[in-house]
Amino acid sequence: MKEKIQNAMRNIPSMDRMLLMPWTKKYEAEIGRDSVKSIISGVLDDQREKILKDPEVPFDTEKIASEAEKRVKARAHKSLRPVVNATGVVLHTNLGRSLLAKEALEAVVKTAESYSTLEYSPETGSRGHRNDHVEWLLCRLTGAEAAIVVNNNAAAVILCLGALAKEKETVISRGELVEIGGSFRIPEIMALSGTKMVEVGTTNMTHLRDFESALSEDTAMILKVHPSNFSVEGFTSSVPREELAKLAHDNDIIFMEDLGSGMLTEPHIKYGKADPTVRSCIEAGVDLVTFSGDKLLGGPQIGAIAGSACLVEKLRKYPLLRALRVDKMTLAAFEATLRLYLKGESGSIPTFRMINRDTEDMKKQARRFKRKLLALLSRTRLRSVFLDVVPVNDTVGGGSFPGSELPGFAVSLKLPELGSAGKLAEKLRSFEIPVIAGASDDQVLFHVRTLSEKDEKWIIEGFKDMFSIDPGKAESID
Ligand SMILES: *Cc1c(COP(=O)(O)O)cnc(C)c1O
């Protein structure tokens, strides 16, 4: 056994030999010789381990070399890079949620390449606060007295609970103990903030009297959480905001709402149950509303807190705020996005544009794209290409409008010679710019709601690479 192992080990190529392979030079220039060596060394270690487990494991130097090249190449590739979202899910959390408006992008670049007024007031020549850039805008757009921003909505909730309800009780309906996106669970967030959770009511029914009887000397807050990613159907009841606000204020406690998707204006979505706007919550008497910047608002990742001036003042003084402070590029993008709302131009924000797309327009786009794909795929050796324009259900996503479906259109594609739809979807993901498509039955679906002209080009380019179509010859296709 030992001898077998030793023999097999001797077959493993040395590092020096591996480094003689011509492809290593290219990647050394990209990520440095030490990195290349360390990745190759990992491949050789894996091989040693395989031999220790089974000395008879078939040995193939070429396979080791190609595995090494694959791993080095993967590391040399930019990791955070664009993909095509052909899923029809507008706010796809894994694909980066909102796309920024042109104005927001320009603001990011300007703020990143120059010094800025981030924490400086040119009027007085003295220190300003980074929050000042967006507070007035948020107040204008929500009707709140004061506002503050942090890294994301999760941070906003933690900050509020910590600053205002630590070591005291927070009352919440059992119907709102939600989990959002796997890592944000209300009971855990409350425990982390140091507030004592007092659950009232049941999953489907919570009444005002449940809240009333739960209040004690130790109650600091009533918390309402928007059930962002599900809807309870049937025999349900929750207490209207106005009633909770009155109860809270009569008892001198805070009424806070985690609204999730921070809608600033009515989205004109005709399908499903609409989320409330931040303004409507404030008008109903909510003292503090927290919401995300990159969901329905259509801006960068940020958490906004809008509400009563005296509570926001307490948040400003809470030391955790420093650890949650927002980066200047994010602030620049957020300010520019809010200004679009103020100007009445929120319709040009990509998230809104995609949610509100006209069905006929999508059908036309799908037909055009289908023709482009057909022209391209008929230049390949494939004998059977199935392309069609089909109606599909798109979604808003990002925990907004749960249960609502947006009727859209997709181009369906089936290439039986390449195998199943799963295989084709895998090929699409391996494109230079990965294409994430939908799937139904045995076909891949390109939902056009989330496809820009640029995305269509990227898909076409990917197919050209895949079938080695000479770009010169295929010019007429796009
Ligand atoms: C999305 C969501 C969160 C988390 O917001 P992030 O901005 O992703 O941190 C928290 N609460 C609710 C109700 C949500 O919908």
Side-chain angles (χ1 to χ4, degrees), residues 89-100 134 138 147-162 165 170 172-193 195 197 203 221-232 238 241 244 255-264 267 269 272-278 280-281 286 288-307 315 320-321 323-327 330-331 333-334 337-338 351 355 395-404:
V89 181
V90 179
L91 295 172
H92 199 303
T93 297
N94 301 138
L95 304 183
R97 289 197 187 152
S98 279
L99 305 186
L100 293 183
V134 292
L138 279 169
I148 198 164
V149 286
V150 289
N151 257 320
N152 51 31
N153 187 30
V157 177
I158 291 171
L159 176 72
C160 293
L161 292 174
T170 298
I172 182 168
S173 158
R174 288 201 172 84
E176 296 175 359
L177 295 176
V178 303
E179 168 177 317
I180 288 146
S183 51
F184 183 88
R185 309 178 91 189
I186 289 292
E188 287 169 14
I189 294 287
M190 292 176 85
L192 178 73
S193 318
T195 191
M197 178 169 77
T203 308
M221 184 186 282
I222 294 176
L223 175 63
K224 184 170 176 61
V225 178
H226 187 59
S228 297
N229 48 4
F230 67 100
S231 57
V232 183
S238 60
R241 284 184 186 82
L244 281 180
F255 178 30
M256 165 175 155
E257 176 159 4
D258 169 12
L259 191 54
S261 238
M263 246 181 14
L264 296 179
I269 296 183
K273 220 168 48 191
D275 285 22
T277 60
V278 180
S280 71
C281 296
V286 183
L288 282 179
V289 183
T290 73
F291 53 97
S292 297
D294 56 351
K295 290 185 179 171
L296 279 177
L297 199 150
Q301 180 195 302
I302 209 168
I305 305 163
L315 300 179
L320 181 64
L321 180 67
L324 307 177
R325 82 176 186 190
V326 178
D327 160 71
T330 307
L331 265 175
F334 194 51
T337 308
L338 294 180
T351 300
I355 291 173
T395 48
V396 176
S400 318
F401 299 93
S404 70

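Indexing begins at 1, ligand by ligand and atom by atom, following the structure's order. Any value given below was found using the heavy atoms of this structure, including those in side chains, with hydrogens, waters and symmetry copies removed.
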Exercise. Which atom pair, heavy atoms only, marks the closest approach of T330 to Q301?
Worked result: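 Reported closest heavy-atom pair: CG2-O, 3.2 Å.
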Contact partition for [X] relative to ligand 1, non-hydrogen atoms under 4.0 Å:
X: I180; answer: side chain
X: Q301; answer: neither
X: R97; answer: side chain

For this session: Could you walk me through whether I172 and M190 pass the side-chain contact (heavy atoms from CB on, under 4.5 Å) test, one step at a time?
Result: CA-CA 10 Å; I172 182 168; M190 292 176 85; 4.3 Å; yes
Exercise. What atoms of ligand 1 come within less than 4.0 Å of a heavy atom belonging to S292?
Worked result: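 With S292 as reference, the close atoms of ligand 1 come out as 5 (O), 6 (P), 7 (O).
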Exercise. For ligand 1, which atoms have a heavy atom of H226 less than 4.0 angstrom away?
Worked result: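 Numbered from 1, ligand 1 contributes 13 (C).
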Exercise. Does K295 offer a backbone N or O that forms a donor-acceptor pair with the side chain of S98 under 3.5 Å?
Worked result: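 Indeed, once roles are kept as given, a pair shorter than 3.5 Å links the two residues.
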For this session: Tell me, please, which residues at least two apart from D294 pass salt bridge (charged side-chain N to carboxylate O under 4.0 Å, His left out).
Result: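 With sequence neighbours excluded, D294 shows a salt bridge (charged side-chain N to carboxylate O under 4.0 Å, His left out) to R97, given in chain and number order.
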For this session: Please step through side-chain contact (heavy atoms from CB on, under 4.5 Å) for the pair E176 and I186, ending with a clear verdict.
Result: CA-CA 8 Å; E176 296 175 359; I186 289 292; over 6 Å; no
For this session: Show your reasoning for whether side-chain contact (heavy atoms from CB on, under 4.5 Å) applies to F184 and D258.
Result: CA-CA 12 Å; F184 183 88; D258 169 12; 3.8 Å; yes
Exercise. Considering only heavy atoms, which of R185, K295, E176, E179 lies nearest to atom 2 (C) of ligand 1?
Worked result: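 Among R185, K295, E176, E179, the closest heavy atom to atom 2 (C) of ligand 1 belongs to K295.
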Exercise. Got an N/O contact under 3.5 Å between A154 and ligand 1?
Worked result: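 Yes; at least one N/O pair falls below 3.5 Å.
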